[in-house]
Undergrad: 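One structure, as structure tokens, below. Some questions next.
Numbering of ligands and ligand atoms starts at 1, following listing order. Predicted model, so just to flag it, every value in this text is computed and none were measured.
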Amino acid sequence: MKYSFPDNFWWGSASSALQTEGESQGGGKGLTTWDHWFANEPNRFHQGVGPQDTSTFCQNWKADIQLLKQLNHNSFRTSISWARLIPDGVGEVNPQAVDFYNQVFDELLEQGITPFITLFHFDMPMAMQEIGGWENRDVVAAYSRYAQICFELFGDRVLHWFTFNEPIVPVEGGYLYDFHYPNVVDFRRAATVAYNTVLAHAQAVRAFRAGHFPGEIGIVLNLTPSYPRSQNPQDVKAAHYADLMFNRSFLDPVLRGEYPADLVALLKSYEQLPACQPDDSAVIAEGTIDLLGINYYQPRRVKCRDSAVNPKAPFMPEWFFDNYEMPGRKMNPYRGWEIYEPGIYDILVNLRENYGNPRCFISENGMGVENEQRFIENGQINDQYRIDFISEHLKWVHKGISEGSNCLGYHMWTFIDNWSWCNAYKNRYGFIQLDLATQKRTIKKSGEWFAATSLNNSFDKE
Ligand code: BG6
């Protein structure tokens, strides 16, 4: 069967500043939390590879944009590094960074590739973390100034802005589950970080609208549909709690302009609500978006708890559910994530039925695989598993669109194999293989498949 997509469908891929640029301590850039954490705890990073060893976009941006073109991308998402643009977060703008981003955006446009630009992709300037990071409202104000500066500097050419990439991840990683700096485990602080991130998002949206900049503004959320083990009311309730905490804590404010009442009531009853100020709800109400980026990698399967909560243990989301390992689930064993293609469709249906069918696109979807060299045939990685992964997801996106979803494009994670936070280069996600020793780039079979799919705006599959 032929799967055809609407005219002007966005075909592309996503990446981020910190994971690709390199020069993490050069070019006038300030340090981020990643530089600091790596300097102090290199053992936390796979094979001791830190943020200075990324895929050298700072040196190779021009050649890399040629490769994007070769892959027939009509759009490409990356981020601006706050610490590169404003090294201490609040002060002077770094002219080297302005030149760099100007060149990148101009070249993308010159090559017919629309830049989609994120303002924050997990990379907090260390100077901002030192004053409390997202726990401090001064950092919210500094972010909002940074956003305004980006709109002024680049807003004549960048027409698709995203305030944050997966804002719940720094909350989970930094304040609940210890996989991002500052490695705190404290729910109330996590809730404060999440709340202040929503405020920062809303203030950036307000600045964008007030400045009458061209184009549109949105956010990128990692949505993990929560599936209950069974239809038993206790399992269903557990799934509802997981959905409230991990999806609706961001989805509702950015699409409805307010938090779900039952989430607020729940946190209030456990004295976990962040400190609010009187005009916060008006600010949050102004933060509704034009475009939602959906990152989808895996579903969340939950069941009701099997044991009673220890009331003296730290308050955690898992007080309300247990994670459920569904027998027979299909796994990506390298990342330890379930592969469940219909989840991408369920997200689109949920948005259509419950959130007014917003303009949206798949902003990340992908598969990290270890030791891909074993798949080399005639000098090229034959990653048929990645082609299967993408096409099986795209079939479900296609179904969502045919039923009326307002899904405007599909971006893969990622373009060239890049540095994956604590996993460094363990799992490779790219359409293009990166040789770490030489920095040589070689297109994988999936890159060729994607180029053809984008060119034809369709693909064939049973
Ligand atoms: C998304 C992020 O969560 O998933 C990316 O936006 C990240 O930054 C990607 O690299 C893949 O996850 P990981 O942890 O395997 O790199």
Undergrad: Ignoring hydrogens, just give me the one of Phe122, Tyr334, Tyr297 whose non-hydrogen atom is nearest atom 4 (O) of ligand 1.
TA: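 Shortest heavy-atom distance from atom 4 (O) of ligand 1: Tyr297.
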
Undergrad: With heavy-atom distances below 4.0 Å as the criterion, list the atoms of ligand 1 near Gln19.
TA: 5 (C), 8 (O), 10 (O)

Undergrad: Under 4.0 Å between a side-chain nitrogen and a carboxylate oxygen: does that hold for Arg77 and Glu364?
TA: yes

Undergrad: Suppose we screen for ring pair (Phe, Tyr, Trp, His ring centres under 6.0 Å). Which residues come up paired with Phe459, at least two apart in sequence or across chains?
TA: Tyr3, Trp449

Undergrad: Ring-plane angle category for Tyr385 and Phe375, please: parallel below 30°, perpendicular beyond 60°, tilted otherwise.
TA: tilted

Undergrad: Quick one: which ligand 1 atoms are inside 4.0 Å of a heavy atom on His121?
TA: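 The list of qualifying atoms is 2 (C), 5 (C), 6 (O), 8 (O).
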
Undergrad: Look at the aromatic rings of Tyr345 and Trp396 and report parallel, tilted or perpendicular, splitting at 30° and 60°.
TA: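 Answer is tilted, since the angle falls between 30° and 60°.
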
Undergrad: Is it true that Asp417 and Arg428 have a side-chain N and a carboxylate O under 4.0 angstrom from each other?
TA: yes

Undergrad: Give the atom numbers and elements of ligand 1 that come within less than 4.0 Å of a heavy atom of Trp421.
TA: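 Reading through ligand 1 atom by atom, the close ones are 5 (C), 7 (C), 8 (O), 10 (O), 16 (O).
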
Undergrad: With sequence neighbours excluded, what pairs up with His240 under the side-chain hydrogen bond (donor to acceptor under 3.5 Å, both in side chains) test?
TA: Asp262

Undergrad: How close does the nearest protein non-hydrogen atom get to atom 15 (O) of ligand 1, and which residue and atom is it?
TA: Tyr429 OH, 2.5 Å

Undergrad: Is it the side chain, the backbone, both or neither of Asn165 that has a heavy atom closer than 4.0 Å to ligand 1?
TA: side chain

Undergrad: Do the charged groups of Glu21 and Lys29 touch, with an N to O distance under 4.0 Å?
TA: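 Looking at Lys29 together with Glu21, the answer is no, because their closest N to O distance does not fall below 4.0 Å.
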
Undergrad: Report the relative orientation of the aromatic rings in Phe100 and Phe57; use parallel for angles under 30°, tilted for 30 to 60°, perpendicular for over 60°.
TA: perpendicular

Undergrad: What about Asn423: any of its N or O atoms under 3.5 Å from an N or O on ligand 1?
TA: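 In this structure, Asn423 places no N or O atom under 3.5 Å from an N or O of ligand 1.
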
Undergrad: For Val169, state whether at least one heavy atom is located under 4.0 Å from any atom of ligand 1.
TA: no

Undergrad: Do Tyr143 and Phe164 have their ring centres less than 6.0 Å from each other?
TA: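 Distance test on ring centres: under 6.0 Å, yes.
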
Undergrad: Counting from 1, what ligand 1 atoms have a heavy atom of Arg335 closer than 4.0 Å?
TA: 13 (P), 14 (O), 15 (O)

Undergrad: Please classify the Trp337 to ligand 1 contact at 4.0 Å (heavy-atom distances, strictly less than): side chain, backbone, both or neither.
TA: side chain

Undergrad: Which residue holds the protein heavy atom closest to atom 1 (C) of ligand 1, what is that atom called, and what is the gap in Å?
TA: Glu364 OE1, 3.1 Å

Undergrad: For Ser420 and ligand 1, does the shortest N/O to N/O distance drop below 3.5 Å?
TA: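 N/O-N/O distance under 3.5 Å: yes.
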
Undergrad: Relative to the heavy atoms of Glu166, which atoms of ligand 1 are at a distance of less than 4.0 Å?
TA: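 Per the distance check, 1 (C), 2 (C), 3 (O), 6 (O).
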
